[in-house]
Amino acid sequence: MKIYIDGEMYDKDDAKISVFDHGVLYGDGIFEGIRAYNGRIFRLDDHLKRLQDSANSILLKLPMSIKEIEKAVVETVRQNGLRDAYIRLVVTRGVGDLGLDMRKCKKGSTLFIIADKIELYPEEFYEKGLTLVTSTIRQKGLDQVTPSVKSLNYLANIMARAEATAAGAQEAILLNSTGHVSECSGDNIFFIKDGKIFTPPTSAGILVGITRQVVMELCEKKLGVKVIERNFPRYDLYAADEVFLTGTGAEVIAAVKIDGRIIGKGVAGPTTRELVKHFREYANSAASGTAVYEAVKTK
Ligand code: PMP
């Protein structure tokens with residue numbers, strides 16, 4: 001495996017960053033989780049836009065232009081010879097001293113990229129659906145570093161996921177400070193009721209998922225249904241016909257049991273299945289993203 005760090009490729013065992021990097025000391029940095037399907041990097045432009053927005057939001061200067069980062073991502077996938085991949089792009093504040101002051105990170109931010117094989121939920125979960133529980137952990141408020149920033153501080157999400165695991169569930173729902181549903185520990189959430197499709201708005205405190213955006217587009221184009229973004233309580237999930245999650249890793253996946261309540265018929269519902277199919281078709285199509293190998297050939 002070849003790993004990109006600040007312009008150089010390293011073997012896995014030699015891919016190291018400083019213990020004085022504020023990404024390590026404080027979780028001071030941002031990241032993107034990106035997939036490649038069939039030699040194309042899924043919605044790379046959107047991921048890089050979100051990276052730029054996260055960077056601006058935390059006063060982080062990216063070490064190079066978006067165009068250069070795009071090239072580095074493509075090159076990392078190419079050098080690893082992958083067609084289907086999970087890509088982790090991380091930008092940390094860089095090497096500083098032991099204090100909080102970001103001005104001490106004089107050399108600037110560190111950027112690294114890992115491209116690995118993808119690990120997925122077993123296929124049976126796409127039929128059977130997932131079990132969810134509500135976490136005791138509240139989503140960060142909008143007056144904190146908003147959940148829309150994909151920051152390296154994932155401790156709350158990790159703790160929420162641990163609660164799900166302890167309860168025998170696969171994912172945890174995070175409610176926000178007003179008790180509305182925001183998202184899951186690593187996925188956005190949707191529900192379907194009487195043919196209408198709903199998802200929490202950005203103002204509920206969510207990561208604005210790339211998969212969420214694609215699914216909203218597919219709902220409109222393929223199902224002729226415009227997704228409604230509005231706040232809702234857990235009750236709406238319990239009373240839903242179908243609930244599904246979206247995320248880079250999970251793609252589109254049904255949730256069939258929430259806090260012990262069976263949702264709909266207790267298996268992946270018809271609309272969710274249709275969306276899974278449309279999503280996979282789109283992900284494997286030429287329109288879905290940046291070509292890795294063709295891009296190199298035409299240079
Ligand atoms: N919410 C959280 C907290 C996440 O970490 C993620 C990414 N895994 C998502 C939602 C889904 O975002 P995306 O579709 O961009 O992967």
Side-chain angles (χ1 to χ4, degrees), residues 27 29-37 41-55 57 73 84-91 114-116 118-121 125 130 132-135 137-142 144-164 170-176 180-191 199-219 227 229 243-253 255 272 275-276 278-280 282-283 288-290:
I30 53 176
F31 74 103
E32 284 294 319
I34 311 168
R35 267 176 84 165
Y37 291 88
I41 303 175
F42 189 75
R43 294 282 197 137
L44 182 55
D45 292 352
D46 289 340
H47 280 284
L48 294 177
K49 273 188 207 139
R50 187 168 70 184
L51 184 82
Q52 180 73 73
D53 291 345
S54 289
S57 173
V73 173
D84 293 286
Y86 181 80
I87 303 154
R88 176 57 55 90
L89 167 59
V90 180
V91 187
I114 306 168
D116 202 354
I118 173 92
E119 263 187 50
L120 298 170
Y121 281 120
F125 276 116
L130 301 180
L132 314 183
V133 290
T134 304
S135 172
I137 293 172
R138 286 288 170 273
Q139 179 67 302
K140 287 187 288 288
L142 300 174
Q144 301 176 39
V145 177
T146 153
S148 300
V149 173
K150 200 161 169 61
S151 92
L152 291 180
N153 285 274
Y154 252 56
L155 203 48
N157 305 55
I158 290 167
M159 292 299 116
R161 181 68 65 88
E163 287 183 344
Q170 287 80 40
E171 252 291 19
I173 297 168
L174 285 97
L175 303 180
N176 60 25
H180 294 103
V181 172
S182 62
E183 60 178 349
C184 291
S185 69
D187 299 288
N188 291 112
I189 190 161
F190 291 70
F191 78 89
T199 196
T202 312
S203 58
I206 60 166
L207 180 75
V208 184
I210 307 297
T211 323
R212 172 184 181 273
Q213 183 55 40
V214 170
V215 166
M216 288 168 79
E217 289 167 17
L218 290 173
C219 284
V227 174
E229 294 178 80
V243 173
F244 63 88
L245 310 184
T246 64
T248 294
E251 301 178 325
V252 180
I253 193 159
T272 304
L275 281 171
V276 171
H278 289 309
F279 183 85
R280 288 181 174 170
Y282 173 73
S288 69
T290 307

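Both ligands and their constituent atoms are indexed starting at 1 by order of listing. Keep in mind it's a predicted model, so treat the numbers as computed, not measured. Reckoned from all heavy atoms, side chains included, excluding hydrogens, waters and symmetry mates.
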Task: From CA spacing to verdict: side-chain contact (heavy atoms from CB on, under 4.5 Å), D84, Y37 - done: CA-CA 5 Å; D84 293 286; Y37 291 88; 4.2 Å; yes

Distances for all N or O pairs of ligand 1 and the protein under 3.5 Å?
residue, atom, partner, partner atom, Å
ligand 1, 1 (N), E183, OE1, 2.7
ligand 1, 5 (O), K150, NZ, 3.4
ligand 1, 5 (O), Y154, OH, 2.4
ligand 1, 8 (N), G186, O, 3.0
ligand 1, 14 (O), I210, N, 3.3
ligand 1, 14 (O), T211, N, 2.9
ligand 1, 14 (O), T211, OG1, 2.5
ligand 1, 15 (O), R50, NH1, 2.9
ligand 1, 15 (O), R50, NH2, 3.0
ligand 1, 15 (O), I210, N, 2.8
ligand 1, 16 (O), T248, N, 2.9
ligand 1, 16 (O), T248, OG1, 2.5

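A heavy-atom distance below 4.5 Å is found between the side chains of H47 and T248.
Here F190 pairs with F244 under the ring pair (Phe, Tyr, Trp, His ring centres under 6.0 Å) rule; sequence neighbours left out. Applying the ring pair (Phe, Tyr, Trp, His ring centres under 6.0 Å) rule to F279 yields the partners F42; only residues at least two apart in sequence or on another chain are considered. Q213 pairs by the side-chain hydrogen bond (donor to acceptor under 3.5 Å, both in side chains) definition with E217, not counting sequence neighbours.
By the 4.0 Å N-to-carboxylate-O rule, E229 lies close enough to R212 to be salt-bridged with it.
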